[in-house]
Amino acid sequence: MIIRLKDGSQKEYEQPMSVLDIAKDISEGLARNACAGELNGETVDLRTIVSEDSDLNILTFQDEKGKLAFRHTASHVLAQAVKRLYPDAKIAIGPAIEDGFYYDFDMAPLSREDLDAIEKEMKKVIKENPSIERFELPREEAIAFMKEKDEPYKVELIEDLPEDAVISFYKQGDFTDLCAGPHLMNLKNIKAFKLTSSSGAYWRGNEKNKMLTRIYGTAYTKKADLEERLKYLEEIKLRDHNRLGREMELFTTVDVVGQGLPLMLPKGQKIIQTMQRWIEDLEDNEWGYVRTKTPLMAKSDLYKISGHWDHYKEGMFVLGDEEKDKEVMALRPMTCPFQYYCYKNSQKSYRDLPYRMAETSTLFRNEDSGEMHGLTRVRQFTISEGHLIIRPDQANEELKSCLELAQYCLTTLGLQDDVTYRLSKWDPDNKEKYLGDEEYWESTQGQIRDILVEQNMPFTEADGEAAFYGPKIDIQAKNVYGKEDTMITIQLDCAIAENFDMYYIDQNGEKQRPYVIHRTSIGCYERTLAWLIEKYAGKFPTWLCPEQVRVLPISEKYADYAKEVDRELKKNGILSTIDNRSEKIGYKIREARIAKLPYMLVVGAKEQEEGLVSVRSRFAGDEGQKTLAEFISAISEEIRTKAIREEVPVE
């Protein structure tokens with residue numbers, strides 16, 4: 001047989017060979033570092049026997065798929081250690097993930113001390129270096145095998161597989177786990193690992209199921225790489241919006257209010273207000289939108305027309321019972337059906353289109369409790385929502401315009417390099433979830449794909465991520481921990497006009513169905529604030545800061561002059577405060593730095609006598625004395641242009 005390698009070379013063998021033996025034939029060093037193989041495009045175990053002409057790539061820890069095999073093996077070491085220390089714990093799933101691995105257990109929550117003890121046991125397992133063996137069983141035997149081990153979660157997983165399935169297992173010393181693999185040949189290369197945290201996780205991600213204990217960890221081949229990763233994790237904790245936003249008193253949550261219902265505190269709400277006013281003025285004055293204000297709830301009848309009742313009811317907060325109540329209401333999960341009736345309020349001709357409607361919409365979605373997180377996943381949120389009613393011939397131009405507006409907003413916020421683009425498509429294997437037929441979806445998806453290609457936008461495609469009525473451009477971003485969320489979305493809908501009997505009069509006086517573009521310009525304000533907190537570690541651009549200047553009198557003697565300065569700043573629309581505490585000026589400056597303020601104005605005798613201010617900033621430290629008028633002119637221009645000044649470390 002002929003084995004074609006990644007570098008284009010070939011190896012020829014007269015008999016079947018394992019992937020590992022082929023790696024040894026190539027290089028003993030390669031074999032020592034091998035984690036898995038890629039055989040004809042499929043990731044396989046090193047134990048896999050190759051018996052015919054094939055393409056083969058030996059995967060090491062330097063390859064992403066090699067890392068996954070390495071860390072998947074580490075997750076089995078974790079499970080083996082847990083079962084030794086907690087014999088009654090039941091094992092669920094334990095995959096490798098980006099930058100690490102986790103394993104879910106049915107057991108009591110764990111402390112940091114518990115994780116340290118498990119780590120110690122993992123080191124013992126690795127030192128023992130038990131042999132790792134793969135074996136297969138028919139489905140019924142596999143079920144009986146796991147029932148005998150009293151592992152109900154594994155039994156459930158096997159029972160979900162086809163009756164004729166052959167199930168693979170990996171045995172590692174005194175521990176055996178249901179697993180498709182691949183795994184390392186032995187444990188000796190797992191030289192550096194750390195259990196980073198534990199949390200609760202619902203079995204199969206369903207809040208109706210039992211809450212399990214999830215243990216997160218990471219593993220490397222070198223201690224230095226692990227230390228670098230742990231240092232990075234400590235650094236990003238300082239940017240975690242859920243922690244930093246509370247420390248900065250931007251928002252809080254309260255149990256009696258409810259999960260996923262954050263309270264925006266004055267500073268956080270000031271940032272959102274600033275963004276909201278900017279977006280509303282931008283859309284209304286520069287991008288040709290008209291503004292609506294629609295109800296926060298509606299009768300179920302409306303959602304039945306739109307299709308949300310059939311396709312999205314589980315994600316809605318329903319008020320009432322259809323079997324008992326004459327009228328059932330629901331809080332709105334989106335604004336589109338309301339705005340359709342704003343469009344229908346008067347007859348439109350082809351000359352009136354595009355008709356662009358925007359609204360600062362408060363929406364409600366019944367997110368699973370296990371999905372809730374800070375400001376990124378909440379049950380009530382506010383969004384820069386808009387719907388464009390367009391002629392079919394306007395679709396390309398208007399989609400491009402929506403994309404351009406979104407990119408302008410991202411650039412202004414300094415976030416343009418932190419996003420990726422995704423074409424979110426329907427799932428052809430679950431057609432009942434969507435409006436329209438296959439031809440409709442292929443056509444609309446093709447339109448969006450063509451636009452992304454034309455705009456030279458690198459993008460991925462994802463089945464099953466479309467709205468039920470049409471495909472989307474989703475602009476994605478990751479939080480500090482690598483979890484991806486949709487920040488901005490642009491959706492093409494060629495079907496919904498029929499449901500609402502929307503039309504326009506064409507050049508011939510005939511009624512025609514319009515298309516609809518659903519879009520956001522900045523997305524959800526709460527989620528965007530979370531993103532900004534993490535992007536800037538709380539050091540927002542001056543125009544977004546809830547406190548832009550703090551006036552610091554050197555002593556009480558200069559309190560009146562400090563008030564004059566503060567009044568003049570406020571007259572010019574600058575968000576300023578005074579620190580009148582009887583503290584030394586060095587202490588006040590340190591406090592202002594900790595508060596991440598862009599500017600401090602120190603005032604004393606000379607400043608008062610000559611109408612000056614001593615300027616200190618996040619950007620350049622001590623900027624020296626300036627007239628108050630000079631400072632106001634400079635900061636006003638910085639705010640007006642929404643400039644993002646580069647941070648310079650201060651002493």
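Starting from 1, each residue takes its place in the sequence as its number. These numbers were taken from a predicted model, which means no experiment stands behind them.
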What I want to find out is whether [X] reaches [Y] closely enough, with some N-O distance under 4.0 Å, to be called a salt bridge.
{"X": "Glu367", "Y": "Arg377", "result": "yes"}
{"X": "Asp427", "Y": "Lys433", "result": "no"}
{"X": "Lys425", "Y": "Glu465", "result": "no"}
{"X": "Asp45", "Y": "Arg47", "result": "yes"}
{"X": "Arg422", "Y": "Glu461", "result": "no"}
{"X": "Glu156", "Y": "Arg204", "result": "yes"}
{"X": "Glu12", "Y": "Arg4", "result": "no"}
{"X": "Lys431", "Y": "Glu438", "result": "yes"}
{"X": "Glu98", "Y": "Lys67", "result": "no"}

When you look at [atom1] of [X], are more than 12 heavy atoms from neighbouring residues, nucleotides or ligands closer to it than 6.0 Å?
{"X": "Arg645", "atom1": "CZ", "value": "yes"}
{"X": "Glu42", "atom1": "CD", "value": "no"}
{"X": "Glu432", "atom1": "CD", "value": "yes"}
{"X": "Lys210", "atom1": "NZ", "value": "no"}
{"X": "Lys478", "atom1": "NZ", "value": "no"}

Where [X] and [Y] come nearest, the two heavy atoms and their spacing:
{"X": "Ala466", "Y": "Trp426", "answer": "CB-N, 3.7 Å"}
{"X": "Gly523", "Y": "Ile488", "answer": "N-CG1, 4.0 Å"}
{"X": "Phe70", "Y": "Ile190", "answer": "CZ-CA, 3.7 Å"}
{"X": "Gly245", "Y": "Ile533", "answer": "CA-CD1, 4.1 Å"}
{"X": "Leu244", "Y": "Lys596", "answer": "CD1-CE, 4.0 Å"}
{"X": "Lys90", "Y": "Pro152", "answer": "CD-CD, 4.1 Å"}

Is the closest side-chain donor-acceptor distance between [X] and [Y] under 3.5 Å?
{"X": "Asp474", "Y": "Tyr421", "value": "no"}
{"X": "His241", "Y": "Glu534", "value": "yes"}
{"X": "Arg246", "Y": "Thr253", "value": "yes"}

Checking salt bridge (Lys or Arg N to Asp or Glu O under 4.0 Å) for the pair Lys65/Asp63: CA distance, chi angles, key distance, verdict? CA-CA 5 Å; Lys65 292 178 180 178; Asp63 302 294; over 6 Å; no

Would you give me the side-chain donor-acceptor pairs under 3.5 Å for residues 218-231, sequence neighbours excluded?
| residue | atom | partner | partner atom | Å |
| --- | --- | --- | --- | --- |
| Thr218 | OG1 | Asp99 | O | 2.7 |

Find out whether Phe381 and Arg527 are in side-chain contact, i.e. whether some heavy atom of one side chain is under 4.5 Å from a heavy atom of the other.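 No - every pair of side-chain heavy atoms lies 4.5 Å or more apart.
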
Is there a side-chain contact between Pro262 and Val378, using heavy atoms and a 4.5 Å cut-off?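 They are in contact (side-chain heavy atoms under 4.5 Å apart), so the answer is yes.
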
According to ring pair (Phe, Tyr, Trp, His ring centres under 6.0 Å), who are the partners of Tyr103, at least two apart in sequence or on a separate chain? Phe105

Hey, which of Lys188, Arg84, Lys123 is the one that makes salt bridge (Lys or Arg N to Asp or Glu O under 4.0 Å) with Glu128?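 So, applying the salt bridge (Lys or Arg N to Asp or Glu O under 4.0 Å) to Glu128 and each of Lys188, Arg84, Lys123, only Arg84 qualifies.
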
Cation-pi geometry met for Arg214 and Tyr102 (6.0 Å, 45°):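 Yes, Arg214 lies over the aromatic ring of Tyr102.
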
Run the ring-centre check on Tyr434 versus Phe468 and record whether the distance is less than 6.0 Å.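 Judged by ring-centre distance (under 6.0 Å), Tyr434 and Phe468 do not meet the cut-off.
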
Can you give each donor-acceptor pair under 3.5 Å made by side-chain atoms of residues 142-149, sequence neighbours left out, with the distance rounded to 0.1 Å?
none

Derivation of the salt bridge (Lys or Arg N to Asp or Glu O under 4.0 Å) call for Lys483 and Asp485: CA-CA 7 Å; Lys483 184 181 183 302; Asp485 283 303; 3.3 Å; yes

